[in-house]
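Basis for what follows: all heavy atoms, side chains included, without hydrogens, waters or symmetry-related copies. Only a predicted model underlies this, so the values are computations on that prediction, with no experimental measurement involved. Below, chain A is the first sequence line, B the second, and so on; all start at residue 1.
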2 protein chains.
Amino acid sequence: MSPEPQKGRAPSIRDVARLAGVSHQTVSRVLNGHESIRDETRQRVREAMEALKYRPNRAARALVTSRSRTIGVLSATHGEYGPSSSIAAIEDAARDQGYYVNTANLASSSPGAIIEALKHLLLQDIEGLIVMAPQVRVFDVLAGMAIDVPYVSLQSTGHGDHRALAIDQIAGARAATQHLIDLGHEEIVHVAGPQDWIEAEARMRGFLDAVIDADLRTHPPILGDWSADFGYFAGKELLRYRDFTAVFAGNDLMAVGLMHAFRDAGVDVPGEISVVGFDDIPLAQHVWPPLTTVHQEFGEVGRRAVALLLGEVRGTPVDGDEEIVPSLVTRASSGPAHAVVGRY
Amino acid sequence: MSPEPQKGRAPSIRDVARLAGVSHQTVSRVLNGHESIRDETRQRVREAMEALKYRPNRAARALVTSRSRTIGVLSATHGEYGPSSSIAAIEDAARDQGYYVNTANLASSSPGAIIEALKHLLLQDIEGLIVMAPQVRVFDVLAGMAIDVPYVSLQSTGHGDHRALAIDQIAGARAATQHLIDLGHEEIVHVAGPQDWIEAEARMRGFLDAVIDADLRTHPPILGDWSADFGYFAGKELLRYRDFTAVFAGNDLMAVGLMHAFRDAGVDVPGEISVVGFDDIPLAQHVWPPLTTVHQEFGEVGRRAVALLLGEVRGTPVDGDEEIVPSLVTRASSGPAHAVVGRY
DNA sequence: TTTGTCCATGTGAACGTGAACATCGATCGG
DNA sequence: CCGATCGATGTTCACGTTCACATGGACAAA
């Protein structure tokens, strides 16, 4: 229960005006930092606001300006480090600019759920939208709904008319794979993220690019769901063939799951199999063995997304072409290749 | 860039009324599901709305009803699993009830930052507030700001006039500690969370209760910051004395850091030292050794918080006394006690 | 028939704010 | 010294919705 000291209704701009002995418009001007107000008047108005504990009514303001000062974020996180960090950064950055953030979280990736969440956000009068749920389907839905606000996504789908944050996931994945190749690995397996995630697709592409360039045998990637549990499961499956010396996982969670499976089977990492992940979650350096992975600046991603979006919203587009390039962090989970001991 | 097919301004309730050949009030009634509307009329209005792609203006509605259908969440997460999961659940639950969620994230725990974030949220006309940043300071600030909306926190501070979600962290910590005691450990160290976190305090209390009840020596708890890095650091420090056989960490991240330090020093877990964490993050079962920890239903926490808050908002309080009791999950990181080999 | 009640709908006002325009005095250039 | 300009402030209106109340017709009870 909370206190309810409310007597009548909240004080309005007119109450302040009356107390300060000015017109309501003058109060409005003070509120909005208008210039031609005498210092003395401004002072008087401020005191009146203070005395009445006046708080501007956002609804009234939004009604008359048709600007809600709110942006929407469509996300799909179940507590994962990456998206959560980016969202936190988005909130900070938006607040910094006086904007509010409304988040809608995707519980499932069914088209119905996506549409429902999106409708929810759009019913709210948001000025712009950040799409942190880079699933292909989301963009299809987005395209079909004729969104009438600017929106920014994490990665361009190629089609669609919006700004995309340029994070070079392909380069990151490529660097990770190249690292393994440089270590002498010739049989590398990729455990990818869900097929319909744009990020998963980009990482897979980077992997394939590197493998093809090096003229290595192409193992068919395994499609996972980003979870450590899946990594564990995939690791067990992979060991049945054992026709590889390294695994590049689409994210750190799956990488840890893989290492768990290898450990269970008595297979040494990196002695027998090298493992590389993607994301550089805080635990990456504390697991055993410390995980070689691709570091991403999630906070930076969030901040850039906000800058890009608010640029569009204000009609002064910001240059967002400067790519964010993730960097490889080499740790103990990757090492020189050994002979393949599998059946192949 | 986004398309801008907007000609004039968005269609209003009156435009719909004109097209349907009724009064604006009839449209409003259809919108709000009022009863006494002829089916045929309702149908005609619906078609007109469809034809004009009419979307109700939230600001206008909020202005006249003085209900924003928005709740605020004050959080303090940097991507950690627990809070992020709860927030995701809050969003789902709120959306389910037609509510929007505005989140403000605490970048630092300085009083200034707290006040700033809180002011931001309260300037927005939220109907209620969920405090997911259970730091003592936050409540002090809250108390000092004379909040005029209902709010719900994760844990009662004892003082303050609000609803608190009853999660029995004390019981969880107690169970974890008792588990170690049952295994024969007599020298148990607690690596706690930041002193000003209510959760950290509760977990420490649970630990101390169990230790005192068992009449064991009380090691002074080490105050950490929830991070794996700190756990690693603390582990190194602890090994200098080695006057314990088990560690109970305030959360899983620190527990993993501790195990990392022990591993580096060649100390076997659980052979020489047992480790228990708190939270049951998804990686807990995949690290080496799999971590014994206390499982928390973060999603449930979020859902309950929303139910509790909306109950207050609607003036029909929900019974929230039913405690959420975390459960111990026993894995390989804890085992029977061995003799203390340290100096003590 | 008359009166009252209920249903379906309409009319007018109000919510709190900012934009556009109006006003009034002071200052300035010629 | 007079019109022009500018600074400081006031007046009126519109934003899109819901609320309180009004209207008119159908139907039942008297």
Side-chain angles (χ1 to χ4, degrees), chain A residues 6-46 48-49 52-70 98 122-127 148, chain B residues 6-46 48-49 52-70 98 100 122-127:
Chain A
Q6 309 260 77
K7 297 155 200 176
R9 64 177 165 294
S12 85
I13 206 177
R14 296 195 128 91
D15 298 319
V16 175
R18 199 173 314 120
L19 183 61
V22 296
S23 76
H24 81 271
Q25 179 63 331
T26 299
V27 176
S28 171
R29 281 192 260 258
V30 170
L31 224 43
N32 294 299
H34 203 283
E35 290 184 1
S36 47
I37 296 282
R38 253 192 312 164
D39 281 350
E40 185 221 311
T41 311
R42 196 192 321 274
Q43 187 59 29
R44 201 145 32 94
V45 170
R46 289 243 165 86
M49 297 199 298
L52 294 170
K53 293 195 176 181
Y54 167 76
R55 290 221 205 101
N57 181 316
R58 283 222 328 145
R61 187 178 277 183
L63 177 60
V64 75
T65 59
S66 60
R67 303 198 50 193
S68 64
R69 298 243 164 229
T70 300
L122 292 173
L123 266 177
Q124 157 82 313
D125 35 23
I126 53 175
E127 292 183 28
D148 55 0
Chain B
Q6 308 261 77
K7 297 155 201 175
R9 63 178 166 293
S12 84
I13 206 176
R14 297 193 128 90
D15 298 318
V16 175
R18 199 172 313 118
L19 183 61
V22 296
S23 77
H24 68 102
Q25 178 62 339
T26 300
V27 177
S28 171
R29 281 193 260 257
V30 170
L31 224 43
N32 294 299
H34 202 281
E35 290 184 3
S36 48
I37 297 280
R38 254 190 314 161
D39 281 349
E40 184 221 312
T41 311
R42 196 194 320 274
Q43 187 59 28
R44 201 147 30 93
V45 170
R46 289 242 166 87
M49 298 199 297
L52 294 171
K53 292 193 176 181
Y54 166 76
R55 290 221 205 102
N57 181 316
R58 286 220 328 143
R61 186 178 280 183
L63 176 60
V64 72
T65 61
S66 59
R67 303 199 49 194
S68 64
R69 298 243 164 230
T70 300
Y100 291 89
L122 292 174
L123 266 177
Q124 157 83 314
D125 35 23
I126 52 175
E127 293 183 27

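Judged by distance alone, with hydrogens and angles left aside, A/His24 brings a side-chain donor or acceptor within reach of the base of C/dG18, the pair sitting under 3.5 Å.
For the contact set between residues 31-41 of chain A and DNA chain D, defined by any heavy atom under 4.0 Å, the members are A/Ser36, A/Ile37, A/Arg38, A/Thr41. Residues from residues 59-69 of chain B lying near DNA chain D, meaning a heavy-atom separation below 4.0 Å, are B/Ala60, B/Arg61, B/Leu63, B/Val64, B/Thr65 in numerical order.
Rounded to an integer number of Å, the gap from A/Arg58 CZ to C/dG18 P is 12 Å. If you take CG of B/Leu52 and P of D/dG16, they are 13 Å apart, rounded to a whole angstrom. The CD atom of A/Gln25 sits 12 Å away from the P atom of D/dT9 (whole-angstrom rounding). Rounded to an integer number of Å, the gap from CD1 of B/Ile13 to P of D/dC19 is 11 Å. Distance CD (A/Gln43) to P (D/dA8): 16 Å, rounded to an integer number of Å. Note: CZ (A/Arg14) to P (C/dG18) measures 11 Å, nearest angstrom. The interatomic distance linking B/Arg18 (CZ) with D/dT17 (P) rounds to 12 Å, in whole Å. As a whole-Å value, the separation of B/Asp125 CG from C/dG16 P is 12 Å.
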Run the side-chain contact (heavy atoms from CB on, under 4.5 Å) check on A/Met49 and A/Leu31 step by step: do they pass?
-> CA-CA 10 Å; A/Met49 297 199 298; A/Leu31 224 43; 3.6 Å; yes

Show your working on side-chain contact (heavy atoms from CB on, under 4.5 Å) between A/Asp15 and A/Leu19 and close with a plain yes or no.
-> CA-CA 6 Å; A/Asp15 298 319; A/Leu19 183 61; over 6 Å; no

Carefully, step by step, assess A/Asn32 and A/Arg61 under the rule side-chain contact (heavy atoms from CB on, under 4.5 Å).
-> CA-CA 11 Å; A/Asn32 294 299; A/Arg61 187 178 277 183; 4.3 Å; yes

For the pair A/Thr70 and A/Asp125, evaluate side-chain contact (heavy atoms from CB on, under 4.5 Å) and give the outcome as yes or no after the intermediate values.
-> CA-CA 8 Å; A/Thr70 300; A/Asp125 35 23; over 6 Å; no

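For the pair B/Arg69/B/Arg58, a side-chain contact is recorded, criterion being any heavy-atom separation below 4.5 Å from C-beta on. Using a 4.5 Å heavy-atom cutoff, the side chains of B/Asn57 and B/Ser12 are not in contact.
Between the side chain of A/Arg29 and the backbone N or O of A/His34, no donor-acceptor pair lies under 3.5 Å. Counting only distance, with no hydrogens or angles, the side chain of A/Tyr54 and the backbone of A/Val16 share no donor-acceptor pair below 3.5 Å. Panel note: side chain B/Arg44, backbone B/Ala20; a donor-acceptor pair is recorded below 3.5 Å.
Residue A/Ser28 places at least one side-chain N or O under 4.0 Å from the OP1 or OP2 atom of C/dG18. Look at B/Ser23 and you'll find a side-chain N or O under 4.0 angstrom from OP1 or OP2 of C/dG10.
Residues B/Ala59 and A/Ala62 approach most closely at CB-CB, 3.7 Å, considering heavy atoms.
With rounding to the nearest 0.5 angstrom, the CD atom of B/Glu35 is 9.0 Å from the CZ atom of B/Arg42.
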Please tabulate, one pair per line, each protein N/O and nucleotide N/O from nucleotides 22-24 of chain C that are separated by under 3.5 Å, including the distance.
none

